[in-house]
Every structure is written in C-alpha cells, then in structure tokens.
Amino acid sequence: MRRRFFLGDRLLLLLSTTAALLVLLLIAGIFVVLVGHSRLAFQHLGLRFFVQHIWNPVTGEFGALPSLYGTLVTTLIALVLAVPLSLAVALLLAELAPPWLATPVSLAVELLAAIPSIIYGMWGLYVFAPYMAHHVEPWLQRTLGFLPLFQGPTHGIGFLTAGIILALMILPFMSAVMREVFQMVPAVVKEAGYGIGATTWEVTRGVILRYGIRGLLGAVFLGLGRALGETMAVTFVIGNEHRLSLSLFSPGTSITSTLANEFTEASEPVYLSALIELGLLLFLVSLVIQVLALLWLKRMERRMGAGP
Amino acid sequence: MGIRVLRGPVFGVLVSLLLALAGSCSSQKKIRIQGAGATFPYPLYAQWAYLYAQKTGVEINYQSIGSGGGIAQIRAKTVDFGASDAPLPPEELEQDGLVQFPMVIGGVVPVVNLEGVGPNQLQLSPQVLARIFLGEIRRWNHPDLQALNPHLALPDEEITVVHRADGSGTTWIFTHYLSEVSEDWKNRVGTGKAVRWPTGIGGKGNEGVAAFVQQTPGAIGYVEYTYAVQTNLVPVKLQNAAGAFVEARLETFQAAAAHADWAHSPGFYVVLTNQPGPDAWPITGASFILLHREQPDFHKAQEMLKFFDWAYHEGAEVARKLHYVPVPPEVVTLVEDLWQREIRAQGRPVWPPRE
C-alpha cells in the first residue's frame with residue numbers, strides 16, 4: 001500500500017515537472033523562432049525599427065513606434081477604466097450584495113467573458129463607434145478640450161474607442177478572479193476587523209485588499225495580458241493608421257492589429273520579417289511588464305505585510 | 001506489463017493507418033483539387049466549385065487566404081492552383097516555373113457619403129481623386145470639385161478619406177490606378193497591397209471601409225464593385241482615359257477588358273487600370289490563376305483545366321449574377337492556347353483533353 005503511494009507521488013512529480021518544462025520549452029521555442037525570422041528585418045533596418053515612425057511597405061521602411069505606442073496607449077486606457085470598475089464589481093459580489101443579487105450578477109459577468117472578441121469588434125464598429133463620434137467624444141471635447149488628449153476631429157474611431165472596448169473585454173475576467181480572491185480571505189480575519197470596530201470600508205481597504213494583493217495583481221495581469229494581445233476587436237475600431245498622435249480621438253494602430261491586417265498579403269521577405277519582428281517586440285514588452293510587476297509586488301508585500 | 005500496455009495503442013494506430021490507406025486506395029477515383037489565394041473572387045470560385053461538383057463529382061476546394069498566401073502556397077506546391085489579384089511579373093513566373101492567366105474581372109469603385117448626393121451624381125477626374133487621397137483637397141466645396149460638378153451644391157464639409165487597413169488586392173488595383181494618373185501619387189505613395197497613406201482612416205476589409213463611409217458624413221472610400229452593389233453605398237462617376245465620365249457597371253468593366261492588349265502581354269501581365277476606350281471604367285482589374293507548368297499528376301491536371309474551361313464557358317452566367325465580369329471569349333482562346341503550349345505532365349501536353 002505504502003509503496004504504491006510512493007510510486008504515485010513520483011509519477012505526479014514527473015508529470016508536473018514535464019508539463020512545467022514543456023511550457024518553458026515552448027516559450028523558448030517561440031522566442032528562438034521569432035528572433036530567427038526577424039533577423040532579415042534587423043539586418044535591413046537595425047535599431048531604426050524601434051525608433052522610426054514611418055511604416056511604408058512600398059519603399060520597405062518599417063518603424064514599429066506607432067504600433068508599440070498604440071498597444072501601450074490602448075492597454076493603459078483599458079486598465080485605467082477596468083481596474084477600479086472590476087474591483088467594485090468583485091467587492092459587491094463577494095462582500096456586499098445579498099445572494100439573490102450576487103448569483104445572477106456573477107453569472108452575467110461570467111457570460112460577458114464568454115463573448116468572442118469578434119462580436120465586441122462588430123458591436124464596436126457598428127454601434128459603439130458612432131455613439132462615441134456623436135455623443136461621447138464631442139462632450140469630452142467641450143469639457144476637457146483644453147487638454148491635447150481630447151483635441152482633433154471626432155470620428156469615433158481611434159485610441160479611446162479601442163481602449164474602452166478593451167476595458168469592457170477585460171472587465172469580466174478581472175472581476176471574476178478578484179471575486180474569488182475576496183472570497184478566499186478567511187472569515188476570521190474579517191470578523192476580527194469588524195470586532196475592533198472597523199467600518200465596512202476600513203475592513204475592505206485595510207484587511208481584504210491587503211490580504212489579497214497578490215491575487216488581485218494576478219487578476220490585473222490576466223486583464224493586462226488580454227489587453228496587450230487582443231487583436232480582432234481592436235482592429236475594428238482603432239482606425240489602423242501608422243501614426244503617432246497625442247489625441248486619443250485620432251486613429252492609430254497596435255502591434256496585433258498591424259499583424260492581423262498585413263500578415264496575409266505580405267509577400268516580400270523583408271516585409272514579412274518586419275512583421276515577425278513586431279511580434280518579437282510584443283513578446284519582449286509583455287516580458288518586461290511582467291518582470292516590472294513582480295518587482296513591484298515584492299516591494300508592496302514588504303511594505304504592506306500581505307497575507308500568505 | 002509495460003509492453004502489454006504499449007501494444008494496445010500501437011496496434012490500434014497500425015490498424016487505423018492500414019484502414020486509412022485502404023480507404024484512400026478505394027477512393028482514388030474521386031478527384032480533389034486544392035486551391036488557395038485571393039479573397040476578391042472567393043464568392044464566385046466557391047459557387048463555381050459547388051455547381052461543378054454537383055455536375056461532375058470533381059471537388060474543388062478553394063481557400064481565400066489572400067493573394068500573398070496563394071502565391072506562397074503555389075510556390076511551395078502545397079496547393080494545385082493559386083489565385084492572385086495582382087499579376088506576377090513574367091520574370092517571376094519564369095523563375096518559379098509557373099503559368100498565369102486571368103479568370104475573372106472586377107472593378108474598384110470610389111464611394112462617398114455626402115448629404116443630397118445620390119448614386120453616380122458626383123463626378124471626379126483622376127487628378128482630383130488623387131489629390132483627395134493625397135490629402136491636398138480637404139473640403140468638399142473645393143473649387144476644383146465644384147468645377148467638375150456645376151449642378152451639385154457641395155457642402156462646406158471636411159473630406160474624410162477611408163482606405164483598406166488590411167493588405168489587399170483591391171488596394172493594389174486602386175493605388176496602381178492612382179500611380180498611373182498622378183505623378184505625385186507615384187512618387188510619394190506608389191503601388192502596393194498596403195501603402196503608407198498620406199491621410200485618412202483604415203477599415204478592415206470591404207465591410208470595414210463600407211461601415212466607416214456610411215457612418216462618417218463627408219467620407220470617401222473605395223470598395224470592390226460587388227460590395228458597392230450589395231450595400232447601399234453611393235458610387236461616383238469617374239473620368240476615364242478617353243475623357244468621358246463613366247459609371248461603374250459590368251458593361252464598363254467589360255469595355256476595359258476588351259481594350260486591353262492581352263495577346264502581346266507575356267504571362268498575361270495586364271493591369272486593366274486606365275484603359276483606352278470611351279466606355280471603359282478606369283479602375284478595373286483581373287484576378288489571376290497560377291499553375292505549375294510541370295504538373296505531377298496528368299489526370300488531376302487535366303481535370304483541373306477542364307474545370308477552368310467549364311468556368312469560362314458555362315460559368316459566365318453565374319459570374320454576371322454575382323456582379324463579376326467573365327473573361328472575354330477571345331481572351332479565353334488565348335488562355336487555352338497557352339495551356340496547350342505550356343502545361344505538361346510527365347512530358348505530355350495536358351490540354352486539350354482527348355476522350
């Protein structure tokens with residue numbers, strides 16, 4: 001009996017190690033292939049690729065700056081909007097709402113997560129973009145038009161619309177995970193907080209958020225990852241212009257939408273290689289953000305004394 | 001014990017492999033032809049394939065992965081035929097041992113969204129069209145636009161240029177035309193499936209361009225003719241090489257195809273933009289098929305050519321119904337001459353078939 005258990009444990013260890021190594025191997029493989037295929041573009045363009053803002057397939061000049069800028073700006077907009085909102089939703093579902101309300105709402109949130117991105121894209125293009133063009137953007141221009149962020153013509157197509165659509169797409173993921181995190185905070189800890197006379201707000205801020213900080217950051221990461229990599233929905237509403245502009249109303253492009261748009265018809269070797277180098281750039285950006293966030297988390301944990 | 005565990009699945013795999021082999025042997029009579037490429041003719045090729053399979057039992061499987069993909073796949077010999085909206089230059093055909101011929105003709109149409117302007121009311125000259133897309137003419141009441149349209153009250157409205165965001169044959173034909181009529185365009189932008197647009201916003205696919213044009217007052221874009229017909233977009237009249245203002249219609253596309261000098265163009269490298277003739281629509285283009293000159297399978301090659309022959313003759317009516325222009329009969333004769341001269345399998349000519 002004991003011997004069999006032992007065997008089972010060894011087998012499990014072997015299995016999980018293999019699985020973990022496979023993931024590492026896969027990532028390394030992707031990296032190697034991306035580097036290999038972008039060599040040609042690197043030879044032709046060198047470091048110019050990363051700092052140039054011109055993207056001209058006809059003359060073979062490729063600059064990744066507009067795509068990178070678009071990816072970062074839309075992701076930032078999405079996170080700024082979606083993080084507080086999903087925190088609020090998750091808190092409501094886990095702590096505040098009575099079960100008769102919490103159950104259907106969390107079901108609805110999970111359903112939102114199941115909507116394919118092409119649907120968000122089509123809805124964004126046909127319904128949301130015109131609404132942005134006729135109502136939201138003119139209003140923003142009237143009230144905040146003194147900022148360069150909200151100047152220029154309002155087509156309803158551009159960074160802002162793409163960012164908002166992304167926010168809608170990542171919100172259900174983040175709030176679902178955050179809800180789980182909140183529910184995992186032991187009742188004893190919360191009760192202790194209430195016991196010393198803390199209000200709901202104080203318990204939330206001082207106990208629940210601190211206890212779950214690691215999990216919450218994980219949730220934000222999930223959203224961030226999806227926002228960085230989201231392709232179809234962004235392509236539909238971002239306007240697909242290789243252009244740098246401060247205005248959030250102006251059309252731009254993101255790394256993924258450039259890939260989606262141009263990969264099928266890129267027949268020249270340098271063009272294709274430049275697109276793959278763009279993929280490599282996205283890979284590196286994700287990696288850098290991940291490392292930065294881990295470092296930040298370490299500091300946070302030391303400062304706040306978060307839970308296990 | 002270990003061996004016994006292994007034997008089960010391995011044996012199963014062997015058996016299923018054998019079964020698969022047996023299956024492929026027994027169904028060897030059934031011919032399956034694989035094609036891939038341009039998205040523009042896809043609805044027509046799919047319809048042709050369906051009708052042809054019903055009639056003869058020969059299956060044609062066409063995947064619309066884009067012209068670039070079609071060219072890459074036929075080069076790699078992973079498909080039996082490739083399709084491209086932009087013709088390959090004769091030198092490249094030679095290099096890869098390919099032959100190329102036009103299969104169907106279509107047109108690209110500028111469309112607008114202007115208050116009070118109906119279909120085919122707005123008239124544009126090539127120079128004015130190029131300057132709009134260059135971002136030089138920025139408002140609809142520009143004197144040059146007004147001079148071309150004395151009967152229309154053009155609004156004092158900003159022009160929003162809408163173009164394709166994805167690489168596409170439609171863009172290739174459109175920018176090829178603009179390069180031909182405008183020296184400025186040729187020098188500053190050029191011809192390509194994707195170019196560096198001086199101004200405007202990009203929509204994904206014909207539907208993206210159509211949506212942006214419909215949503216934005218003062219917008220101008222370009223779409224394939226079939227798409228302009230299906231959606232309620234407002235096409236414009238264009239001045240052609242002969243100086244006449246023409247509407248985009250099947251007849252004007254046909255006129256452009258008829259004027260082209262197919263017989264003296266090696267590899268049928270003909271771009272139908274800016275063709276002479278008073279009725280010719282200036283932004284017309286053909287979609288091409290690419291085949292290997294040396295075919296590996298005689299029987300299959302012959303069936304493939306039989307399908308194309310059927311599409312040229314019996315399929316013409318279907319093409320018109322779907323708003324494509326069939327290739328003119330005299331060009332079909334030229335194409336079939338080419339088959340006879342060039343396409344070989346095991347050293348034998350594949351065309352014409354002898355029953």
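All of these numbers come straight from a predicted model, not from anything done at the bench. Each chain gets a letter, A, B and so on, in the order the sequences are listed, and its residues count up from 1.
Across B/G190 and A/V58, no two heavy atoms sit closer than the pair CA-CG1, 4.3 Å.
Neither the backbone nor the side chain of A/H242 has a heavy atom closer than 4.5 Å to any heavy atom of chain B. Contacts between A/L125 and chain B at a heavy-atom distance below 4.5 Å involve backbone atoms as well as side-chain atoms. Of the atoms belonging to B/V189, it is backbone heavy atoms, and not side-chain ones, that fall under 4.5 Å from chain A. Neither the backbone nor the side chain of A/F263 comes within less than 4.5 Å of any heavy atom of chain B. Using a 4.5 Å cut-off between heavy atoms, B/T191 touches chain A through its backbone atoms (N, CA, C, O) alone. Contacts of B/I65 with chain A are made by backbone atoms alone, with heavy-atom separations under 4.5 Å and no side-chain atom involved. If you measure heavy-atom distances from B/T216 to chain A, the contacts under 4.5 Å come from the side chain alone. For B/Q214, no part sits under 4.5 Å from any heavy atom of chain A, backbone or side chain. In this structure, the portion of B/T199 lying under 4.5 Å from any heavy atom of chain A is its backbone and not its side chain. Using a 4.5 Å cut-off between heavy atoms, B/A194 contacts chain A through both its backbone and its side chain.
Heavy-atom contacts from other residues, nucleotides or ligands closer than 6.0 Å to CZ of B/R293 number more than 12. Shown here is B/E94, whose CD atom has no more than 12 heavy atoms of other residues, nucleotides or ligands within 6.0 Å.
The closest donor-acceptor contact from the side chain of A/N240 to the backbone of B/G202 lies under 3.5 Å. Between the side chain of A/E262 and the main chain of B/A165, no donor-acceptor pair closer than 3.5 Å is present.
Ranked by heavy-atom pairs shorter than 4.5 Å toward chain B, the options A/S257, A/S250, A/G239 are led by A/G239. Interface check for chain A: of the options B/S168, B/G205, B/G200, B/G70, the most heavy-atom pairs under 4.5 Å are formed by B/G200.
A/H155 is not listed as a side-chain neighbour of B/F212, based on a closest heavy-atom distance of 4.5 Å or more.
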Practice item. Go through the steps to decide whether A/Y126 and B/E207 satisfy the test side-chain contact (heavy atoms from CB on, under 4.5 Å), and finish with yes or no. Key: CA-CA 11 Å; A/Y126 290 109; B/E207 63 278 10; 4.1 Å; yes

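Atom CZ of residue B/R196 and atom CD of residue A/E241 lie 10.5 Å apart, to the nearest 0.5 angstrom.
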